Amino acid sequence: MKLGVFVNQYTKTNSTLDRIKTDNLGIILVQNGVYHAALKENGKDSDILSKAAKVYALSEDVISRGLSPDKLDKKVTVVDYNGLVDVIFNDYEKFIWL
Amino acid sequence: MKLGVFVNQYTKTNSTLDRIKTDNLGIILVQNGVYHAALKENGKDSDILSKAAKVYALSEDVISRGLSPDKLDKKVTVVDYNGLVDVIFNDYEKFIWL
Amino acid sequence: MATIKKLLFLVDKPPYKSENSRLALTHAIASQTVEIHLEDEDNVEPVLAFVGDGVLNCIKGQKALDAYGITSLEAHIKNALLLDLKVIFCKEDLDKFGLTEDNVIMDAEDIGGDMIANILPFADILGEMEAADHILHF
Amino acid sequence: MATIKKLLFLVDKPPYKSENSRLALTHAIASQTVEIHLEDEDNVEPVLAFVGDGVLNCIKGQKALDAYGITSLEAHIKNALLLDLKVIFCKEDLDKFGLTEDNVIMDAEDIGGDMIANILPFADILGEMEAADHILHF
Amino acid sequence: MGKLAIGCFSSLVGSMSLDFAIKLSEAAIKKGHQVDIWLSGNATMLSKKGQRKFQDYSSLEAKTKDLISQGLNVTACEACAESRGYHKEDTLEGFNRKSMDYYLASCFNSDRVIHIGGE
Amino acid sequence: MGKLAIGCFSSLVGSMSLDFAIKLSEAAIKKGHQVDIWLSGNATMLSKKGQRKFQDYSSLEAKTKDLISQGLNVTACEACAESRGYHKEDTLEGFNRKSMDYYLASCFNSDRVIHIGGE
């Protein structure tokens, strides 16, 4: 299943996300979810970055928060709304918004 | 400081609550906070019950959720809205709603 | 040719604090009348699955009507069963909270329903996610 | 006799996702005009303290106006400093996120403000809680 | 007897925080206390005229009006209401509309303040 | 070209989810896709006429109307709106009001569904 998961909050864990197993998993960081790509708590990366998934972050939400798109974790692909439309139509079939 | 803390959600931790140190701390479980008094996750009591605080639960919110006031943890005092008014005016001076 | 599309209503939030689980149930139940908007023979098949803190919606004996004058989530779940919707509670999450068949809303017999709720492992809910055409996560 | 009451605005939530931190700032700033509702000489002294994920409101360089056409929390914090409100950021929480004086909004010099924000340990914020007449937790 | 200020910043429907505020006010007034409610943010929805009653949703209009007749003071943040398209003429009878400084004065004048932030 | 259904169940002001829905729709329409937005719960606030523009709050009325003129379809849940006191005559021009089953049909007819629950 090609599943895109929108993460819109900066909370530590979600037991549903942790249990989803699928070959084609995308994690799309939006709103306060973008902190996962930018912050290291006590020097440690967010757990979300260690999942077997392609990770995106929405640039408009990154810059709104005073974060810099080029300082995000290397694993993360930054997309704007235009790029996100293509991700939605080309790369995934179903979505959940956590 | 006589501080009453309303806990209205069933989330695991709040770093602010964890760091508050005061002689007269009351924790008032309302809304989904009442699950802290009723549920044992994997057989374990909620951390909130182990704090050095008097713990209350609002009976209307307990029964709304299908929980039984007499099956709550022994540490918890069940109050209704009438009782809560007295707790607010007689037992604490300041409040925070988490 | 008739097309049936499967919509999975995945409920992950506890009741009452937000409107999430209530809207999941009312929208799932609205599948009863969706045909008026569709071509002949086409239809929608809703599945309701409660996971994580969402299983707290399924606790029996909710008295929200007495305490606050609002319909309980229990009444909504029973309605869904009465209307023969497939309802699933995640077994691991019930276990985690120490909830069993005896504590949760397994049927709507008292209002004349035949359908029984299913307690299934998360792997089966993942199967429903695979099988669904679209997932609505509440 | 004049009475000054201290109100502590304690901001624990991150910006933008909810309206919390924005309302904390607009209400704290409204203290500038509260006198019209009070007896002669009485007044309110607001203190703004950012703790937990709330310190994320204090990151410099927010471009919410460019991206979404809305005032940034940065602009609000600068307004508070311009109006000489006491603003505190919790040191331990900044440290946890690897944020330093260089990353956060320490002053409003560019709009003519003199007041400087304070980076203080949680113990001092607890002291503000003790000293306050009322606490408004956002 | 004391005075209680309740600041409510949560949305009317879905969250039960306004139900909490109204039921707590009712109990406090019955015991002879004074209560001021401040509605800010999405909680200004409570002040909107013409809400239809559905059993799925809390319907607080009748109860709140009854409490106002017993002395409850309910005030909605004017800017928060306007930004949501609730104008003066949309406001329920007996509800006040004021600027944000009013809430701080209400806190000043109260023995106890319960500020309900969050969603 | 495909069809995208966006279900928005979050409140207008405070949460930025409606901003997300509108900006995503704009980008999708520009690329030639069709978009259906469903407003339920507190998100029905978007459909309310007469919202005053403040720079503190997202003001989506003008942008949404512009997108409607380019083919965007926006529908508010009728029961959710009524319970909040938003009647037919309070609804912004170009916005539809339907019962909940309409959203399921919209999902049926779409290639992609983004259902935004939560606050």
Side-chain angles (χ1 to χ4, degrees), chain C residues 2-54 57 69-71 76 79-80 83 85 129 132-138, chain F residues 2-15 17-18 20-21 33-46 73-86 96-119:
Chain C
T3 308
I4 308 295
K5 289 201 182 169
K6 213 168 179 170
L7 299 183
L8 176 63
F9 292 77
L10 194 57
V11 182
D12 200 9
K13 301 266 188 355
Y16 304 114
K17 177 64 204 160
S18 81
E19 208 184 357
N20 264 287
S21 54
R22 188 182 296 275
L23 289 171
L25 280 149
T26 51
H27 280 75
I29 289 168
S31 60
Q32 297 290 308
T33 49
V34 69
E35 289 160 276
I36 51 164
H37 303 290
L38 300 175
E39 304 283 316
D40 265 8
E41 311 288 319
D42 287 352
N43 216 335
V44 161
E45 186 191 326
V47 176
L48 267 160
F50 294 84
V51 296
D53 289 352
N57 290 282
I70 55 167
T71 317
H76 283 293
N79 262 336
L83 297 168
L85 266 60
M129 291 173 69
D133 289 282
H134 299 296
I135 304 169
L136 313 180
H137 181 271
F138 288 82
Chain F
K3 182 164 176 188
L4 171 66
I6 306 176
C8 215
F9 287 62
S10 303
S11 63
L12 172 58
V13 182
S15 162
S17 295
L18 274 174
F20 173 89
H33 300 294
Q34 254 186 288
V35 184
D36 260 21
I37 293 182
W38 171 254
L39 304 171
S40 192
N42 289 324
T44 53
M45 293 174 93
L46 179 65
N73 178 19
V74 185
T75 309
C77 170
E78 190 164 31
C80 300
E82 287 290 331
S83 74
R84 287 160 176 82
Y86 312 152
N96 307 309
R97 281 158 59 100
K98 304 263 189 194
S99 51
M100 292 181 184
D101 45 20
Y102 181 82
Y103 178 49
L104 305 191
S106 172
C107 292
F108 180 99
N109 289 314
S110 296
D111 303 298
R112 299 289 183 268
V113 175
I114 298 177
H115 173 90
I116 306 176
E119 274 81 44

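If you're wondering where the values come from, they're calculated on a predicted model, not measured in any experiment. Every chain is numbered from 1 and lettered A, B, ... according to where its sequence line falls, protein lines coming before strand lines.
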field: From CA spacing to verdict: side chain to side chain contact (heavy atoms under 4.5 Å, CB included), Cys80(F), Leu23(C)
entry: CA-CA 10 Å; Cys80(F) 300; Leu23(C) 289 171; 4.1 Å; yes

field: Among the listed options Val44(C), Thr33(C), Asn43(C), the residue most often paired with chain F at heavy-atom distances under 4.5 Å
entry: Thr33(C)

message: side chain to side chain contact (heavy atoms under 4.5 Å, CB included) for Asn109(F) and Leu38(C)? Distances and angles first, verdict last.
response: CA-CA 9 Å; Asn109(F) 289 314; Leu38(C) 300 175; 4.3 Å; yes

message: Classify the ring geometry of Phe138(C) against His115(F): parallel below 30°, tilted from 30° to 60°, perpendicular beyond 60°.
response: tilted

query: Under a 4.5 Å heavy-atom cutoff, which of Lys5(C), His134(C), Arg22(C), Lys6(C) has the most pairs with chain F?
result: His134(C)

Contact class of Asp12(C) relative to chain F, heavy atoms under 4.5 angstrom: neither

task: Check the surroundings of atom CD in Gln32(C): do more than 12 heavy atoms from other residues, nucleotides or ligands lie under 6.0 Å from it?
output: yes

Point-to-point distance, once rounded to the nearest 0.5 Å, from SG of Cys107(F) to NE2 of His27(C): 9.0 Å

message: If you compare all heavy atoms of Ala30(C) against all heavy atoms of Met100(F), which two are closest, and at what distance to 0.1 Å?
response: CB-CB, 3.7 Å

- line: For Ala28(C) and Leu104(F) the tightest heavy-atom approach is O-CD1, 4.5 Å

task: Report yes if some heavy atom in the side chain of Tyr103(F) is under 4.5 Å from a heavy atom in the side chain of His37(C); otherwise report no.
output: no

- prompt: Side chain, backbone, both or neither: which part of Cys77(F) has a heavy atom under 4.5 Å from chain C?
  reply: neither

field: Heavy-atom proximity to chain F below 4.5 Å, by part of His137(C)
entry: backbone

- line: Ranked by heavy-atom pairs below 4.5 Å to chain F, first place among Ile135(C), Ile29(C), Thr3(C), Asp133(C) goes to Thr3(C)

task: Among the options Gly7(F), Gly41(F), Ala5(F), Ser106(F), pick out the one with the most heavy-atom pairs lying under 4.5 Å from chain C.
output: Gly41(F)

- line: When the 4.5 angstrom heavy-atom criterion is applied to Ile36(C) and chain F, the contacting part is side chain

field: Side chain / backbone / both / neither for Leu136(C) at chain F, heavy atoms under 4.5 Å
entry: both

message: Could you tell me if the side chain of Phe108(F) sits less than 4.5 Å from the side chain of Asp42(C), heavy atoms only?
response: yes

